[in-house]
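First comes the structure, then the notes that go with it.
Just so you know, residue 1 is the first one in the sequence shown, and it goes up from there. Order of listing sets the numbers, starting from 1, for every ligand and every atom in it.
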Amino acid sequence: MAAIRYHSTNGRAPAVDLREALLRGQAPDRGLYLPDHFPVIQPAELAGFAGLPYPEIAFRVLSRFTGEVLDDTVLRGLCEDAYDFEVPLEPVFDRVHVMRLDRGPTASFKDFAARMMARMIGRFAREDGIDLTILTATSGDTGSAVAGAFHGLPGIRVMVLFPVDEVSARQRRQMTTLRDNIHVVAVDGKFDDCQAMVKRAFADPALGHLRLSSANSINIGRLLPQSVYYFYAASRLAGPGEPIVFSVPSGNFGDMMGAVIAGRMGLPIKRLVVPVNGNDEFPRFLGTGTYARIEPSRNCLSNAMNVGHPSNLARLVALYGGHLDEVGTLHQSPDMTAMRRDLFSSTVPDETTCATIREAWERHRLLLEPHGAVGWRGLLDYAATESISGVPVAVLETAHPAKFPEAIETTLGFSPEVPASLARLEGLPEQFERLGTDYAVFRDHLQALVETGTPA
Ligand SMILES: *Cc1c(COP(=O)(O)O)cnc(C)c1O
């Protein structure tokens with residue numbers, strides 16, 4: 001099998017290996033990296049996954065991509081180290097299960113990818129003798145997962161910007177209590193302001209001498225580890241060769257791309273259900289074939305999915321033979337017939353999200369937070385069009401209910417139990433800087449941090 005090369009969805013940047021794709025994040029032509037082919041795992045090996053623990057499945061899947069750049073023994077160690085927590089599959093009715101991806105240290109599914117990517121990037125940076133600064137803007141979950149994953153890694157510092165009034169106290173503490181190599185900036189502005197400053201810093205020639213890298217889901221290093229839990233769920237819920245249905249609550253479409261990748265690697269998927277909140281650009285596109293981004297993005301209860309133009313659609317469209325650029329212009333239509341055969345999407349507005357939290361609890365004693373509720377409702381929408389009776393199904397719950405206590409309290413009248421990883425943050429001292437939205441001030445701050453080790 002030929003070595004895998006990573007090419008840009010915009011097609012105007014040279015192909016690179018995995019190491020380079022991870023360290024760069026985005027391709028120089030502003031496209032996103034995709035493998036030029038997908039390694040296939042044969043049915044006999046897939047059948048054997050049923051008896052393997054999560055870290056070993058992670059190793060079997062990821063080693064298909066890392067062969068050129070990472071020794072197998074090293075990778076196996078990284079998998080065991082990164083995936084030292086439970087991945088519960090909760091039975092609900094018939095063969096329908098909820099896969100809880102919330103048992104990692106920051107209680108969202110982003111731990112799965114962030115922990116593996118941080119370990120790989122940390123290793124590559126050390127081997128190359130590079131001193132790296134990870135710069136990221138967050139509306140909550142990405143910042144804490146990324147900061148937690150890079151915390152304490154030598155040769156790497158992280159700067160996270162968050163909008164001071166838009167993250168919960170719990171989400172803030174997950175970032176500000178880490179300290180050491182994690183520098184947190186509270187911005188007096190909105191998420192869009194944080195994102196704009198980060199983008200400007202990446203493009204700023206005055207900062208060209210700093211090694212800045214990004215850690216959001218434009219990085220292919222975030223997507224590959226997200227294919228693993230689909231293999232895991234199928235190995236537990238479906239028989240050998242039996243197709244499974246997944247429902248994945250989607251925002252920037254990185255999580256669902258993990259399932260698309262798993263499918264291309266040979267995992268039999270009957271249908272991939274990708275419900276969204278009020279940011280409904282994707283179901284409209286799937287229905288009409290016409291793409292229109294939503295700007296500004298709409299604020300919904302499932303706040304980690306408030307994305308009006310999902311970056312990863314560029315990858316999805318490319319895999320179906322089309323070309324969508326970074327600003328949302330469709331240069332070439334994908335094969336819509338194939339897309340509609342493989343995917344199902346629906347919109348779940350906030351009222352329905354609340355009703356779903358209530359109904360799932362009353363009917364099944366199933367506790368969902370707003371993101372998982374969108375996933376659950378999406379499955380029910382799909383089941384109204386095609387029977388799921390006797391079909392293995394996994395609905396992804398992407399965060400711990402205790403991260404969204406207000407939504408649970410107002411709909412169910414009780415507070416979710418707080419996991420130890422979140423509870424232990426309550427008494428810890430916080431450390432963060434506060435800045436306005438003036439780019440020049442932010443730039444000086446960042447430059448001083450990288451050059452002297454302390455912010456200006
Ligand atoms: C980020 C996030 C999502 C959306 O995942 P995408 O990969 O952006 O589609 C869903 N739920 C939670 C809790 C998240 O943090």
Could you tell me, for ligand 1, which of its N or O atoms are under 3.5 Å from any protein N or O, listing the pairs and their distances rounded to 0.1 Å?
| from | atom 1 | to | atom 2 | distance (Å) |
| --- | --- | --- | --- | --- |
| ligand 1 | 7 (O) | Gly254 | N | 3.0 |
| ligand 1 | 7 (O) | Asp255 | N | 2.8 |
| ligand 1 | 8 (O) | Asn252 | N | 2.7 |
| ligand 1 | 9 (O) | Gly251 | N | 2.8 |
| ligand 1 | 9 (O) | Asn252 | N | 3.2 |
| ligand 1 | 9 (O) | Phe253 | N | 2.9 |
| ligand 1 | 11 (N) | Thr398 | OG1 | 2.7 |
| ligand 1 | 15 (O) | Lys110 | NZ | 2.5 |
| ligand 1 | 15 (O) | Asp141 | OD2 | 2.7 |

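In this structure, Arg76 forms a cation-pi arrangement with Phe59, its terminal cationic atom sitting closer than 6.0 Å to the ring centre and no more than 45° off the ring axis.
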Enumerate, atom names and distances included, each donor-acceptor pair closer than 3.5 Å involving a side-chain atom of residues 259-268, sequence neighbours excluded.
| from | atom 1 | to | atom 2 | distance (Å) |
| --- | --- | --- | --- | --- |
| Arg264 | NH1 | Leu319 | O | 3.2 |
| Arg264 | NH2 | Leu319 | O | 3.2 |

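Using a 3.5 Å distance cut-off with no hydrogens or angles, the side chains of Glu409 and Ser415 do pair a donor with an acceptor.
Electrostatic pairing of Arg119 and Asp81 counts as a salt bridge here, judged by a charged N lying under 4.0 Å from a carboxylate O. A salt bridge links Glu430 with Arg172: the distance from a Lys NZ or Arg NE/NH1/NH2 to an Asp or Glu carboxylate oxygen falls below 4.0 Å.
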Subject >> Residues Asp111, Tyr83; criterion side chain to side chain donor-acceptor pair (under 3.5 Å); working and verdict >> reply: CA-CA 9 Å; Asp111 283 329; Tyr83 302 120; over 6 Å; no
